[in-house]
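Below: one structure, written as structure tokens.
Atoms within a ligand are numbered from 1 in the order they appear, just like the ligands themselves. Note that the structure is predicted; figures quoted are calculated from it, not measured.
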Amino acid sequence: MKRRNFITALGVGAAGATLSACGQQDQQDCDNQTSSNVTPEQKFKWKLVTSWPKNFPGLGTAPERFARIVKDMSKGRLDIRVYGAGELVPALEVFDAVSGGAAEMGHSGPYYWKGKSPATQFFTAIPFGMNAQEINGWIHYGGGLELWQELYAEFNLIPFSGGNTGVQMAGWFNKEINSLEDIKGLKMRIPGLGGEVFKKLGGIPVMLPGGELFTALQTGTIDATEWVGPYNDLAFGLYKAAKYYYYPGWHEPGSMLEFTINKDKFNSLPEDLQAIITHAARAVNQDMLDEYTARNNTALKTLVNEHKVELRQLPDDVLRKLRDTATEAAKEAAASDPMTQRVYDSAFQFMENVKAYHRISEHAYYNAREL
Ligand code: CA
């Protein structure tokens with residue numbers, strides 16, 4: 001009886017994996033192409049480099065969770081070791097390390113690679129653009145993932161969505177922001193398209209990895225910084241280095257993280273391990289948003305009640321100008337090259353469509369809940 005159950009379970013598991021890996025391909029072709037040069041028992045040891053301190057809440061624990069799921073589901077056949085920023089490569093060299101094969105996988109944020117292509121920025125966040133729910137819809141059902149794969153193929157990489165923070169906070173400031181004048185000359189850590197908007201309004205955007213923010217803010221190297229939201233900002237102790245905590249995170253309304261995989265390494269895996277990676281990444285993508293949703297509230301209470309952080313909302317006229325400038329900045333980035341234009345067109349078309357329904361669903365519901 002026990003043995004029969006075991007065999008049945010094995011049969012179902014194997015069929016499930018094959019189906020998932022093959023997707024919509026013809027089953028016969030798919031069976032034929034299952035890697036014949038890899039024995040079923042072959043074990044793989046991979047390195048996964050990240051842009052976060054080892055085990056940093058949410059951002060750093062997500063790749064650890066991913067590695068554990070992959071190890072469990074593959075029964076140890078794919079063993080992935082996760083490295084914090086600087087352990088194997090610096091935080092902002094993850095893309096190159098995986099592209100070149102120094103590590104098989106990476107976990108980071110697409111907008112850190114805007115120097116490779118301005119299109120990467122659209123895969124993290126568009127200022128005043130899509131929220132987490134919407135970007136997940138665009139990536140997985142709106143053509144986003146296919147464009148992203150096409151873009152990264154040039155770099156010998158395969159991308160997967162690797163988590164989402166939800167709407168972020170505008171950031172930590174030692175100076176009040178009462179008008180646009182207060183942005184002029186302000187040196188702020190703010191990456192991606194948000195940084196471009198900030199520059200257009202006379203600010204000085206600076207790019208620093210997360211691990212350097214506290215010291216830069218405390219020593220006055222920068223006047224302000226954005227990071228993520230209460231859960232992550234509390235972990236870095238940013239409240240000790242700045243007085244005001246501004247919202248909303250207009251620049252990052254639902255930032256998507258990424259898993260990157262070296263294309264040759266991925267192709268060398270048997271199909272069941274490829275399927276395990278694909279589905280583990282998708283699970284972790286959703287899991288991160290769940291975790292932030294649960295933890296941000298508690299962290300915000302701690303910041304306000306225990307650490308006496310002053311919460312401030314950006315003035316409406318400042319937000320309006322930021323929004324109009326964001327539209328210009330996104331259009332300018334799109335004009336850099338044909339691929340970026342295609343990514344922009346796809347993202348904005350999806351957003352326009354989704355907004356029509358979200359206006360009478362999500363938005364109307366949030367309003368109704370506060371009546
Ligand atoms: Ca951020």
Among the N, O or S atoms of E252, the one nearest the Ca ion (ligand 1):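 Result for E252 and the Ca ion (ligand 1): OE2.
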
Closest E226 atom to the Ca ion (ligand 1) [N, O or S only]: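 Of all N, O or S atoms in E226, the Ca ion (ligand 1) lies closest to OE1.
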
Metal check, the Ca ion (ligand 1) vs G109 N/O/S, cut-off below 3.0 Å: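 No, outside the cut-off.
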
Residue Q168, metal the Ca ion (ligand 1), N/O/S under 3.0 Å: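 True for Q168.
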
Polar side chain donor-acceptor pair, Q341 to D345, under 3.5 angstrom: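 Their side chains do contain a donor-acceptor pair, which is all the 3.5 Å distance test asks for.
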
F95/Y112 aromatic ring centres below 6.0 Å: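 For F95 and Y112, the ring centres are not under 6.0 Å apart.
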
Tell me which donor-acceptor pairs under 3.5 Å the side chains of residues 127-139 have, and how far apart each pair is, sequence neighbours excluded?
| from | atom 1 | to | atom 2 | distance (Å) |
| --- | --- | --- | --- | --- |
| N131 | OD1 | Q133 | N | 3.2 |
| N131 | OD1 | E134 | N | 2.9 |
| Q133 | NE2 | E362 | OE2 | 3.2 |
| E134 | OE1 | N131 | N | 3.0 |
| E134 | OE2 | H358 | ND1 | 2.7 |
| N136 | OD1 | N285 | ND2 | 2.9 |
| N136 | ND2 | A132 | O | 3.3 |
| W138 | NE1 | S346 | OG | 2.8 |

With sequence neighbours excluded, residues passing salt bridge (charged side-chain N to carboxylate O under 4.0 Å, His left out) with K114: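 For K114 the salt bridge (charged side-chain N to carboxylate O under 4.0 Å, His left out) partners, ignoring immediate neighbours, are E196.
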
